[in-house]
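The structure appears below as structure tokens.
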Amino acid sequence: AGLRRDRRVRMSERLLPPDLSIVECGRANIIPRNPANALPAWLRDSRAFVAGLNLLDDALTAILPVFAQNWFFVLRKR
């Protein structure tokens, strides 16, 4: 997975304008967050619920990477 990530970063860096650099990148998780807005506020704003959701999402992303096709990139202006 590291080799694939490195290749993706190198490929993406070549497409960036020269004044930007990649600070961090990784797979975006599987579970979409927008539907959580429909949950009751007491649940949606619960630290325990959000931590559990993030833990589940990280586990699913690690176990089923083929379903986590989106990547995120954090860029910094040089």
Shared ILVMFWY cluster between V66 and I63, side chains joined below 4.5 angstrom? yes

Answer yes if F67 and L53 sit in the same cluster of Ile, Leu, Val, Met, Phe, Trp and Tyr residues linked by side chain heavy atoms under 4.5 Å apart, and no otherwise.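 Yes, F67 connects to L53 through the hydrophobic network.
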
Is I22 close to V74 at the side-chain level, that is, under 4.5 Å between some pair of heavy atoms? no

Do you know which two heavy atoms are closest between F49 and L43, and how far apart they sit?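 Minimum heavy-atom separation between F49 and L43: CD2-O, 3.3 Å.
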
Search all heavy atoms of A68 against all heavy atoms of T61 and return the closest pair with its distance.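 Result for this residue pair: CB-CG2, 3.8 Å.
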
At what distance, to the nearest 0.5 angstrom, does CG of D19 lie from CZ of R78?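 One finds 8.0 Å between CG of D19 and CZ of R78.
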
How long is the span from the CG atom in L16 to the CZ atom in F73, to the nearest 0.5 Å?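 Going from the CG atom of L16 to the CZ atom of F73 covers 8.5 Å.
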
Would you find a donor on one side and an acceptor on the other, under 3.5 Å apart, between the side chain of [X] and the backbone of [Y]?
X	Y	result
R33	I31	yes
D57	I30	yes
R44	A36	no

Check each of D58, L60, N54, L56 against N29 using the side chain to side chain contact (heavy atoms under 4.5 Å, CB included) test, and report the only one that passes. D58

